[in-house]
Amino acid sequence: MVSVRTQSKRVCVIGAGPSGLVAARELSKEGHSAVVLEQTHDVGGQWLYDPNVEVEDPLGRNTFLKVHSSIYNSLRLTSPREIMGFTDFPFLVKKGRDMRRFPGHKELFLYLKDFCEWFGLREMIRFNTRVEYVGLLDSEAIGKDLRWVVRSKEKKTEKVVEEVFDAVVVATGHYSQPRLPSIKGMDAWKRKQMHSHIYRVAEPFHNEVVVVVGNSLSGQDISIELVEVAKEVYLSSKSLNISEGLSKILSKHDTLHLRPQIESLHEDGRVLFVDGTWVIADTIIYCTGYSYTFPFLDTKGIVAVDDDRVGPLYEHTFPPSLAPSLSFMGIPRKIIGFPFFESQAIWIAQLLSGKRTLPSWDEMMQSIKDFYHSRDLAGVPKHYTHDIAEFEYCDRYGDHVEFPHLEEWRKQLCVSALVNADVNLETYRDSWDNDHDLLQEALQSPHFTQLGTEAFTL
């Protein structure tokens, strides 16, 4: 629903990663006063590489993590750069930088810095500022005009600031808090255990026997990297039905072995697998994914995380009892992220200005209930609630604010990369002959020609 009434709100955005930056931009465009609180020294969120992991608990068991980024040094994008950019700021190749279609992580960080400079967002951001508490100013006011107390601490001076905002946008990402398996003997195992959250380079594992738990993209990437320096690498996977691409890599390396799940860990260093085989390992690296966590947020139980289901959230964004004054960005996974974040930011900004309105509380709760029911019927485990993997959902979401649908070339290039990675895991980032025609279509589209090349000589 669209209304002509507009209001300007003071809004706190938590996090200066991709979703937080585009939120700040859209809030500003809509006439709001946005303040972005960012715990690190620069923009980028997950894409701000942090090599200083010694300060972090190896399994990430602290409530407030000291290290936010989980990026390892060799990481390259798994999607081609053409599909990654915001709709009005394409992720162009720049001379003197990483010009590959699937560049390293630093190139995406530099793109986000360029985005920040181009739209003048830096002046809205307070760096080195960690949010410690967000709560309702008046918990009796639920259903009326809500306001929020935000308490933050400046890292260097340790000065604590308490402020009141009309609205809060949580844009803290979901690739930081390690999700760990429960394995018999895990607590008693005396050798090195760590989550991939703090993996950065392969060298410390020279001549070691390493067990990598989890056949995820990061698990595969890290295993392939470790095989060059480790004595033996054992990749423990829930399923032994693996892709053609991984099969090719296993056949190339005598020291890389596929194993099923771990049955138990033993104090003498043994790692026993469910098929009865075992190995004495020096290190176990858990590439077992991440959990949603909001340790600063006090909603009096209205919003909770239950086995990685953040809820209740209407359209993965709005808690019905607290919306639109509280919203969450970047919760969905398995989507083309940047355009989706942009559509989220526009919807949030327009709801706060009064230009648009949400459905009734009853309608939003029914929508959430129906969505959960559809996931249950499809046999989707609760912890995959926010895994979307559907272009049509992103298009329908954008319809709330008349946001343009994903271009056909963007969808096809995304699928092409996934298919190529499945078959050619080791080479898909550098060998993509089948993309040639789609690539030409993309580069000649309005998305890439809209501002002219001179616009990006920042």
Side-chain angles (χ1 to χ4, degrees), residues 50-67 69-70 72-74 175-242 246 249-250 253-291 293 295 305 307-308 381 383:
D50 184 356
N52 304 309
V53 292
E54 298 78 15
V55 296
E56 189 62 87
D57 178 88
L59 293 172
R61 291 170 296 199
N62 297 320
T63 304
F64 283 90
L65 294 173
K66 295 181 172 72
V67 176
S69 176
S70 299
Y72 40 95
N73 188 48
S74 66
Y175 292 113
S176 293
Q177 184 67 50
R179 181 180 170 90
L180 293 165
S182 178
I183 298 172
K184 185 182 174 187
M186 194 170 164
D187 292 338
W189 206 71
K190 295 290 187 280
R191 301 189 178 197
K192 189 161 60 176
Q193 297 183 78
M194 57 184 276
H195 190 275
S196 57
H197 171 62
I198 64 159
Y199 175 88
R200 293 297 180 265
V201 292
E203 282 69 30
F205 307 94
H206 182 75
N207 212 30
E208 286 194 357
V209 175
V210 183
V211 175
V212 176
V213 180
N215 183 19
S216 58
L217 287 173
S218 61
Q220 294 173 3
D221 253 6
I222 289 169
S223 297
I224 293 165
E225 185 165 88
L226 286 172
V227 83
E228 301 299 331
V229 300
K231 186 177 179 182
E232 304 276 345
V233 179
Y234 293 84
L235 177 58
S236 168
S237 175
K238 269 184 188 172
S239 170
L240 299 182
N241 293 325
I242 58 169
L246 184 55
I249 290 166
L250 285 163
H253 297 283
D254 293 339
T255 56
L256 179 59
H257 316 279
L258 184 67
R259 289 290 183 271
Q261 284 183 283
I262 296 172
E263 173 76 33
S264 56
L265 304 179
H266 299 265
E267 288 189 48
D268 61 359
R270 271 185 310 140
V271 177
L272 178 65
F273 300 101
V274 294
D275 63 356
T277 62
W278 58 272
V279 62
I280 291 181
D282 299 295
T283 300
I284 300 173
I285 303 176
Y286 296 102
C287 300
T288 46
Y290 296 90
S291 292
T293 181
V305 183
D307 191 16
D308 278 347
H383 64 266

Taking atom [atom1] of [X] as the centre, does the number of heavy atoms from other residues, nucleotides or ligands within less than 6.0 Å exceed 12?
X: D187; atom1: CG; value: no
X: H253; atom1: NE2; value: yes
X: D254; atom1: CG; value: no
X: K66; atom1: NZ; value: no

Which value, rounded to the nearest 0.5 Å, describes the distance between [X] atom [atom1] and [Y] atom [atom2]?
X: T283; Y: R191; atom1: OG1; atom2: CZ; value: 9.5 Å
X: L180; Y: Q193; atom1: CG; atom2: CD; value: 9.0 Å
X: K190; Y: E267; atom1: NZ; atom2: CD; value: 4.5 Å
X: I183; Y: I262; atom1: CD1; atom2: CD1; value: 4.0 Å
X: E228; Y: L256; atom1: CD; atom2: CG; value: 10.0 Å
X: H383; Y: S291; atom1: NE2; atom2: OG; value: 9.5 Å

Taking all non-hydrogen atoms of both residues, which atom of [X] and which atom of [Y] are closest, and how far apart?
X: I198; Y: P58; value: CD1-CA, 3.5 Å
X: Y234; Y: F273; value: CB-CZ, 4.4 Å
X: E263; Y: K184; value: O-CB, 4.0 Å
X: A202; Y: V229; value: O-CG2, 3.4 Å
X: Y72; Y: R200; value: CB-O, 3.6 Å
X: W189; Y: H266; value: CD1-O, 3.0 Å

With a 4.5 Å cut-off on side-chain heavy atoms, are [Y] and [X] touching?
X: L250; Y: I242; result: yes
X: D221; Y: S74; result: no
X: F205; Y: E225; result: no
X: T255; Y: K231; result: no
X: V210; Y: I285; result: yes
X: N52; Y: V67; result: no
X: T277; Y: R259; result: yes

Run the side-chain contact (heavy atoms from CB on, under 4.5 Å) check on H197 and L65 step by step: do they pass? CA-CA 11 Å; H197 171 62; L65 294 173; 4.1 Å; yes
Those residues at least two apart in sequence (or on a different chain) that pass side-chain contact (heavy atoms from CB on, under 4.5 Å) with T288 are P181, H195, V213, Y286
Using side chain to side chain contact (heavy atoms under 4.5 Å, CB included) as the criterion, point out the one residue from L246, V211, L226 that pairs with L235.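 For L235, the side chain to side chain contact (heavy atoms under 4.5 Å, CB included) test succeeds with only one of L246, V211, L226, which is L246.
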Counting N and O atoms only, with roles assigned by atom type, does the side chain of D57 sit under 3.5 Å from a partner on the main chain of L59, one being a donor and the other an acceptor? yes
Could you go step by step and tell me if L258 and S237 meet the side-chain contact (heavy atoms from CB on, under 4.5 Å) rule? CA-CA 7 Å; L258 184 67; S237 175; 4.1 Å; yes
The test is side-chain contact (heavy atoms from CB on, under 4.5 Å); show your working for R179 and D307 and say whether it passes. CA-CA 10 Å; R179 181 180 170 90; D307 191 16; 3.3 Å; yes
Is it the case that the side chains of S218 and S216 hold a donor-acceptor pair, with the cut-off being a distance below 3.5 Å and no angle test? yes
